[in-house]
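Because the structure is a prediction, the values reported are computed rather than measured. All residue numbers refer to positions in the sequence shown, counting from 1.
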Amino acid sequence: MARRPSVFVRPLSMEEGRKIQRVTRTSKDPVRLRRAIVVLMSGQGQAVRDITSLMQVSEDYVRDVIHAFNERGFAALDPKWSGGRSRTIGEAIRERICLIARTASSTCTTIRPATGGWSASTSSDRST
């Protein structure tokens with residue numbers, strides 16, 4: 001298997017270097033921080049294999065981050081959070097459920113026994 005060619009980030013200006021360092025010091029988002037460290041290390045001449053051993057990430061991840069930064073710049077550092085699973089109920093049904101839940105809480109306290117829970121004897125008392 002042939003060795004893959006080394007990939008490096010494009011040459012960074014002084015301002016870009018400062019901005020990357022600022023991101024690595026102040027970022028609260030772990031994904032953005034990890035990507036900024038990869039770009040910073042690549043900008044300092046570290047090879048992909050060295051970055052993977054220090055960061056404990058795959059070579060493909062490092063290459064993807066470097067390519068994305070070369071193409072999109074600082075926008076590549078931001079994670080693209082997905083919305084997750086699509087909604088299975090509509091907004092109208094959700095509002096109806098919320099309305100029922102809000103009104104049911106007052107009726108549940110009048111039906112529920114004062115003991116704080118149901119048992120066989122309290123449920124039989126209520127059914128008669």
* To do: State the OG-CZ distance between Ser53 and Arg49, to the nearest 0.5 angstrom.
  =>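 Answer for the OG-CZ pair, Ser53 versus Arg49, is 9.5 Å.
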* Asked: Side chains of Arg63 and Ile66: closer than 4.5 Å at any heavy-atom pair?
  ->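 No, every pair of side-chain atoms sits at 4.5 Å or beyond.
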* Asked: Are any of the side-chain heavy atoms of Ile89 and Ile97 separated by less than 4.5 Å?
  -> yes
* **Contacts of type side chain to side chain donor-acceptor pair (under 3.5 Å), residue Arg10, not counting sequence neighbours** =>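 Scan of Arg10 (side chain to side chain donor-acceptor pair (under 3.5 Å), adjacent residues dropped) gives Glu16.
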* Indicate if Leu12 and Val48 have the same hydrophobic cluster label, given that clusters are the connected sets of ILVMFWY residues with side-chain heavy-atom separations under 4.5 angstrom. =>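 Looking at the clustering, Val48 is in the same group as Leu12.
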* Could you walk me through whether Phe74 and Ile20 pass the side chain to side chain contact (heavy atoms under 4.5 Å, CB included) check? -> CA-CA 9 Å; Phe74 284 93; Ile20 291 279; 3.5 Å; yes
* Between Gly45 and Phe8, which heavy-atom pair has the shortest distance, and what is it? ->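 Smallest interatomic distance, heavy atoms only, reads O-CE2, 3.5 Å.
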* Asked: Does Arg18 have any salt bridge (charged side-chain N to carboxylate O under 4.0 Å, His left out) partners at least two apart in sequence or in another chain, and if so, which?
  -> Glu15
Quick one: side chains of residues 29-41, donor-acceptor pairs under 3.5 Å with protein atoms, not counting sequence neighbours, listed by atom name and distance.
from: Asp29; atom 1: OD1; to: Val31; atom 2: N; distance (Å): 3.4
from: Arg32; atom 1: NH1; to: Asp78; atom 2: OD1; distance (Å): 2.2
from: Arg35; atom 1: NH1; to: Ala76; atom 2: O; distance (Å): 3.4
from: Arg35; atom 1: NH1; to: Asp78; atom 2: O; distance (Å): 3.1

* **Donor-acceptor under 3.5 Å (Ser42 side chain, Val9 main chain)** => yes
